[in-house]
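Everything below concerns the one structure shown next.
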Amino acid sequence: NGMKHIRNFSIIAHIDHGKSTLSDRLIQETGIISDRDFKDQILDTMDIERERGITIKSQTVSLPYTAKDGKEYVLNLIDTPGHVDFTYEVSRALASCEGALLIVDASQGVEAQTLANLYLALEHDLEIIPIINKIDLPSAEIEWVKGQIEEDLGLDSETAILTSAKNGIGIADVLEGAVEMLPAPEGDPDAPLKALIFDSHYDPYRGTIVHFRVIDGKIKAGDNIKFMSNDASYKVEEVGVFQIVRVPRKELSAGEVGYLIAGIKTVSDTRCGDTITHVKGGCPEPVAGFKDPTPVVFSSIYPVASDDYEELTVAMEKLQLNDASLIYEKDSSAALGFGFRCGFLGLLHLEVVQERLEREYGLSLILTAPSVQYEVEFNTGEVEIIDNPALYPDPTTISRTSEPFIKASIIVPERYMGAVMKLCLDRRGISVNYQYLTNGRMDMIFELPLAEVVYDFYDKLKSITQGYGSFDYEIIGYKETDLVKLDFLINGERVDALSQLVHKDRAVSRGRVACEKLKEEIPRQMFKVAIQAAIGAKIVSRETISAYRKDVTAKCYGGDISRKRKLLEKQKKGKKRMKMVGQVEIPQSAFLAVLKSD
Ligand code: GTP
């Protein structure tokens with residue numbers, strides 16, 4: 001029975017605690033790839049990921065390993081995305097594992113996503129090996145972290161493995177630990193096929209490559225398979241395992257992890273969490289826990305130059321091939337022309353998509369203010385979901401609106417408690433609970449409207465806690481709210497793409513602040529520009545940008561040439577991202593600035 005010699009596990013950690021570095025080391029140590037080929041971070045294949053140091057697209061790797069007992073093992077390391085936006089994907093990857101390595105940074109200690117990831121792993125009954133990483137740092141405090149592992153995580157710190165992924169210390173212990181401490185998979189190779197999809201990616205030559213774990217049964221080339229969520233059926237062309245490159249195999253059996261190719265055109269035809277079985281003699285029940293991807297943040301994307309719409313269309317299609325969680329549909333705006341209304345898993349997802357479109361496809365884009373999905377109930381009793389402020393119905397027809405709430409866990413040193421409390425209350429939050437952790441830190445639990453965190457909440461939290469605050473959230477459901485639509489008029493013309501839905505109590509102050517922001521963001525024109533905020537027909541705030549003086553650099557006092565040059569550079573750069581709305585040039589930054597709270 002080959003299953004005894006398989007170990008399936010993920011590495012989970014708070015961002016930056018060293019997950020990618022450790023994965024790379026494990027791969028290097030098992031020798032499936034030569035040092036010369038070894039790139040800095042092979043698991044993080046996309047540029048953006050590398051630059052931002054975050055893992056978005058998971059990749060899995062099968063590592064052959066000869067343990068101290070002299071036996072050959074296969075260690076399947078299933079990489080998980082490292083951000084709160086991708087919790088569902090993480091949960092599917094964990095459902096494919098028996099164990100997890102939980103990394104804690106030796107100088108930072110336990111943080112919000114350490115806890116969140118641990119809870120996820122425990123939900124899947126995984127065996128957990130704590131890893132204390134970065135022990136090479138002078139600021140490493142191993143005993144302190146061990147204390148946290150015991151008290152905050154409830155794990156046995158005796159079993160913790162000490163590593164420096166950077167310097168290659170403790171790597172062999174991790175491999176040996178995985179063999180000794182993690183259970184082998186269970187499953188029945190003779191039962192009907194049941195395999196769990198935890199990821200997929202697009203290959204221009206082969207189509208969609210589906211990543212899966214076989215729970216029961218066997219799968220091989222030539223099999224007729226189907227996806228249980230939508231009954232789509234395919235003929236398998238190839239199965240195999242990942243060893244950085246794809247290595248075809250004759251068959252994959254219960255307990256194994258690998259890929260299949262079956263002429264599937266786009267990744268949106270495969271769903272993370274779906275179950276694969278045979279068309280004939282399939283398994284009766286799918287793997288539990290399947291969910292459709294649920295976007296929570298919506299925004300419209302427009303090209304700065306209307307001529308670029310075709311290019312944007314092509315780019316969106318290509319991008320979606322590799323990102324099944326990106327959903328979009330055609331959209332149009334009176335002010336901005338044709339574009340796309342898009343749904344994202346979270347703000348980070350939105351930023352990544354924007355960056356990829358701009359960088360990989362050379363497009364210059366305008367994104368409208370991110371919005372959440374509101375539930376609107378009409379006087380007629382009908383209910384509609386609205387995520388686009390431009391489509392918000394006439395308020396007199398509405399009997400009730402609700403908005404999504406999250407449960408947020410914020411971990412901070414105690415001294416920031418007051419500041420965090422104030423931030424959350426300012427954002428219409430409700431303090432639910434708090435708990436003291438070790439070493440003067442606390443875990444504060446709030447319920448907050450999602451709309452209040454989608455923009456700059458995390459940045460704010462970081463700044464008021466001097467970088468010490470960490471944040472994690474989950475959506476808990478809808479609560480009744482009182483919304484108004486705030487419109488903006490530029491020289492009397494309503495700019496639909498600037499409209500936003502705001503809680504009634506803060507609409508007036510939001511309107512005022514946003515007008516001030518727009519005044520800062522919109523450059524002077526040849527004529528006077530009036531900026532107004534309005535609720536319905538009522539103007540609630542007004543600012544005026546006076547007409548442009550010939551020499552823009554004249555307002556720089558003194559003759560500081562470098563300062564003048566900077567200003568000119570800034571204007572030139574800004575130019576590329578200007579959108580003509582009526583007669584006024586509005587920079588890209590203005591569309592997001594209206595959301596800022598101060
Ligand atoms: P995400 O992909 O964002 O989740 O981050 P990650 O957890 O994968 O962290 P990553 O491996 O990218 O490491 C984050 C930073 O910590 C990088 O600058 C690494 O070089 C550094 N790092 C990782 N391991 C060690 C270590 O053992 N010692 C030291 N000194 N630095 C380390």
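Model, not experiment: these values are computed from the prediction. Counting convention: from 1, in listed order, for ligands and their atoms alike.
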Can you tell me if [X] and [Y] form a side-chain donor-acceptor pair at under 3.5 Å?
X    : Y    : value
H17  : Q113 : no
S62  : Q243 : no
E414 : Y436 : no
D472 : S409 : no

TODO: List the steps, then state whether salt bridge (charged side-chain N to carboxylate O under 4.0 Å, His left out) holds for E151 with K146.
DONE: CA-CA 9 Å; E151 285 171 47; K146 279 191 171 169; over 6 Å; no
At under 4.0 Å between heavy atoms, is it the side chain or the backbone of [X] that contacts ligand 1, or both, or neither?
X    : answer
K19  : both
L137 : side chain
D136 : side chain
A13  : neither

TODO: Before signing off on this row, confirm whether I15 and ligand 1 have an N or O atom pair separated by under 3.5 Å.
DONE: no
Open item on the list: Geometry only, no angles: is N167 polar-contacting ligand 1 at N/O separations under 3.5 Å?
Closed with: no
- [ ] For S20, counting its heavy atoms only, list the atoms of ligand 1 lying under 4.0 Å from any of them.
- [x] 2 (O), 6 (P), 8 (O), 11 (O)
Open item on the list: Using a 4.0 Å cutoff against the non-hydrogen atoms of N133, which atoms of ligand 1 qualify?
Closed with: 24 (N), 25 (C), 27 (O)
TODO: Compute the ring centroids of Y73 and H5, then answer whether they are less than 6.0 Å apart.
DONE: yes
Open item on the list: With a 6.0 Å cut-off on the ring centroids, do F212 and Y259 count as close?
Closed with: no
Task: Proximity winner for atom 15 (C) of ligand 1, if only heavy atoms of K166, K134, H17 are counted - done: K134
